[in-house]
S.K.: 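Just dropping this structure here.
Note that the numbering runs from 1 along the sequence shown for the chain. What you are looking at is a predicted structure, and each value in this text was computed from that prediction instead of being measured. Just so you know, ligand 1 is whichever comes first in the structure, and atom 1 is the first atom listed for that ligand.
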Amino acid sequence: MTQRFVTRGFVGRRRDDGSADIASRTPPGQYITKDFPVLSAGPTPRTPLEQWTFTIQGLVKQPVAWSWQEFLALPSREWTVDISCVTKWTKLDMRWRGVSLDTLLEGAEIDDQAAFVIAWSDGGYTTNLPLPDVLNGQAFVAYEYDGAPLAAEHGGPARLVVPARYFWKSAKWIRGMRLQAEDQPGFWESLGYHNRGDQWREERYGGD
Ligand SMILES: Nc1nc2c(c(=O)[nH]1)N[C@H]1C(S)=C(S)[C@@H](COP(=O)(O)O)O[C@H]1N2
Ligand SMILES: [Mo]
């Protein structure tokens with residue numbers, strides 16, 4: 001797959017005073033904040049790094065698992081992206097380091113039937129994404145934020161980041177991805193949040 005991929009989150013136009021730029025980068029109904037609030041549905045899990053693995057399973061020829069050391073050895077890059085939470089804050093130019101889902105999925109031989117990714121986390125959180133929505137540089141697993149190891153309350157040691165979706169799709173404490181033929185609503189999606197969650201279409205709740 002080699003679709004070209006562009007979103008406003010990745011390609012901010014720069015102006016001298018920044019105001020037009022900021023307006024064009026603020027999704028409908030959102031306000032800009034410089035804070036980085038913590039929003040967790042439960043306690044912060046603390047899996048020792050020696051026990052941490054990242055697994056790709058489901059519709060793959062062979063499940064793949066990386067240890068923490070192996071994960072850190074994968075090709076990584078910096079990502080500077082805008083993030084929007086369904087609680088209406090948007091934070092611009094958040095700087096992360098992590099591994100593209102393209103890189104992770106290349107490590108697995110994916111079955112042709114695979115159409116959805118279910119990300120799952122320590123603590124039981126899940127979120128669902130169509131496979132085409134996370135390919136071609138659209139999603140990554142981050143382990144650094146703003147030049148430092150990702151704080152546990154923000155999902156460290158590693159979290160999914162999907163900048164083109166509301167932040168609930170960015171599963172904290174991610175431990176793996178299951179590839180499925182069928183969609184399956186995750187934690188918040190089952191509780192009434194929108195199944196896709198595109199902030200530019202203001203897809204907050206089911207039915208929006
Ligand atoms: N595992 C897990 N991931 C999660 C959540 C959670 O409760 N558990 N909350 C989601 C929601 S609703 C939001 S808005 C963001 C919040 O991330 P932050 O606490 O780093 O701001 O994480 C998302 N990922
Ligand atoms: Mo959220």
Side-chain angles (χ1 to χ4, degrees), residues 9 26-49 51-57 68 71 78-99 101 104 116-129 133-134 138-178 184-208:
T26 309
Q30 298 290 114
Y31 66 88
I32 300 294
T33 183
K34 295 212 185 292
D35 298 336
F36 188 1
V38 172
L39 290 137
S40 304
T44 295
R46 292 174 193 271
T47 299
L49 291 178
Q51 282 164 36
W52 188 95
T53 51
F54 189 92
T55 307
I56 299 181
Q57 65 208 108
W68 180 248
F71 199 85
E78 251 191 30
W79 311 73
T80 300
V81 296
D82 302 343
I83 294 292
S84 288
C85 174
V86 73
T87 62
K88 303 204 167 176
W89 58 263
T90 291
K91 189 168 165 60
L92 302 179
D93 292 325
M94 296 185 79
R95 192 163 63 87
W96 312 81
R97 173 166 291 280
V99 181
L101 260 59
L104 296 172
F116 296 91
V117 173
I118 312 300
W120 59 272
S121 301
D122 272 325
Y125 190 87
T126 57
T127 191
N128 56 315
L129 292 146
D133 290 6
V134 296
Q138 295 180 95
F140 55 96
V141 174
Y143 49 77
E144 282 180 21
Y145 173 70
D146 210 13
L150 182 60
E153 62 268 28
H154 286 301
R159 81 178 295 165
L160 182 62
V161 181
V162 189
R165 298 291 175 263
Y166 285 119
F167 208 23
W168 86 75
K169 294 279 185 186
S170 293
K172 304 201 279 190
W173 314 299
I174 190 170
R175 290 289 304 278
M177 301 190 291
R178 195 169 65 246
Q184 183 182 343
F187 179 82
W188 282 120
E189 294 84 2
S190 312
L191 291 171
Y193 281 70
H194 197 281
N195 197 52
R196 179 167 54 188
D198 180 340
Q199 66 267 32
W200 290 100
R201 301 180 196 222
E202 217 174 348
E203 293 171 337
R204 297 177 191 277
Y205 307 107
D208 283 355

S.K.: Considering only the protein, which heavy-atom contact is closest to atom 24 (N) of ligand 1, and what is its distance?
M.R.: S170 O, 3.1 Å
S.K.: What do the steps show when you test N128 against V117 for side chain to side chain contact (heavy atoms under 4.5 Å, CB included), and what is the final call?
M.R.: CA-CA 6 Å; N128 56 315; V117 173; over 6 Å; no
S.K.: Does the residue G155 have a heavy-atom contact with ligand 1, meaning some pair of atoms that are separated by less than 4.0 Å?
M.R.: no
S.K.: Show which atoms of ligand 1 fall inside a sub-4.0 Å distance from at least one heavy-atom site of V38.
M.R.: 19 (O)
S.K.: One residue to check: F36. Relative to ligand 1, which of side chain, backbone, both or neither has a non-hydrogen atom less than 4.0 Å away?
M.R.: side chain
S.K.: For the side chain of S121 and the backbone of G123, is there at least one donor-acceptor N/O pair under 3.5 Å apart?
M.R.: no
S.K.: Tell me: protein heavy atom nearest atom 22 (O) of ligand 1, and distance?
M.R.: R159 NH2, 3.1 Å
S.K.: Taking T26 for the side chain and Y31 for the main chain, is one N or O donor matched with an acceptor at less than 3.5 Å?
M.R.: no
S.K.: Measuring from non-hydrogen atoms of G123 to any atom of ligand 1, is the shortest distance under 4.0 Å?
M.R.: no
S.K.: Should the ring pair F54 and F71 be called parallel, tilted or perpendicular, given that the plane angle runs from 0 to 90° and is split at 30 and 60?
M.R.: tilted
S.K.: Report, in ascending order of atom number, the atoms of ligand 1 lying under 4.0 Å from any heavy atom of W173.
M.R.: 1 (N), 2 (C), 8 (N)
S.K.: Using a strict 4.0 Å threshold on nitrogen-to-oxygen distance, state whether R165 and E203 make a salt bridge.
M.R.: no
S.K.: Identify, by atom number and element, the atoms of ligand 1 in contact range of A171, meaning under 4.0 Å from any of its heavy atoms.
M.R.: 3 (N), 24 (N)
S.K.: Please identify which atoms of ligand 1 are closer than 4.0 Å to at least one heavy atom of S121.
M.R.: 1 (N)
S.K.: Answer side chain, backbone, both or neither: which part of W188 comes under 4.0 Å from ligand 1, heavy atoms only.
M.R.: side chain
S.K.: Which atoms of ligand 1 are found less than 4.0 Å from any heavy atom of P37?
M.R.: 18 (P), 19 (O), 21 (O)
S.K.: Looking only at protein heavy atoms, identify the closest one to atom 14 (S) of ligand 1 and say how far it is in Å.
M.R.: C85 SG, 3.3 Å
S.K.: Specify side chain, backbone, both or neither for Y125, according to which of its non-hydrogen atoms lie closer than 4.0 Å to ligand 1.
M.R.: side chain
S.K.: May I ask you to identify, for A41, whether its side chain, its backbone, both or neither come under 4.0 Å of ligand 1 on a heavy-atom basis?
M.R.: both
S.K.: Below 4.0 Å, non-hydrogen atoms only: which portion of F167 touches ligand 1? Side chain, backbone, both or neither.
M.R.: both
S.K.: Can you pull out the closest protein heavy atom to atom 16 (C) of ligand 1? Residue, atom name and distance to 0.1 Å, please.
M.R.: L39 O, 3.4 Å
S.K.: Would you confirm whether D208, through its side chain, and R204, through its main-chain N or O, come within 3.5 Å as a donor-acceptor pair?
M.R.: yes
S.K.: What orientation do F167 and W89 show, parallel under 30°, tilted 30 to 60°, or perpendicular over 60°?
M.R.: perpendicular
S.K.: Any non-hydrogen side-chain atom of L160 less than 4.5 Å from a side-chain atom of L129?
M.R.: yes
S.K.: Would T55 and R175 count as having a side-chain donor-acceptor pair, cut-off 3.5 Å?
M.R.: no
S.K.: Could you tell me whether the side chain of P163 reaches within less than 4.5 Å of the side chain of F140, counting heavy atoms only?
M.R.: yes
S.K.: W188 and side-chain contact (heavy atoms from CB on, under 4.5 Å): which single residue from Y205, Y125, Y166 fits?
M.R.: Y125
S.K.: Show me which atoms of ligand 1 lie under 4.0 Å from any heavy atom of S40.
M.R.: 7 (O)
S.K.: To which protein heavy atom is atom 11 (C) of ligand 1 closest, and what is the distance rounded to 0.1 Å?
M.R.: W168 CA, 3.6 Å
S.K.: Regarding atom 19 (O) of ligand 1: of the candidates K172, H154, E153, which has the closest heavy atom?
M.R.: K172
S.K.: Angle class for the H154/Y145 ring planes (parallel below 30°, perpendicular above 60°, tilted otherwise)?
M.R.: tilted
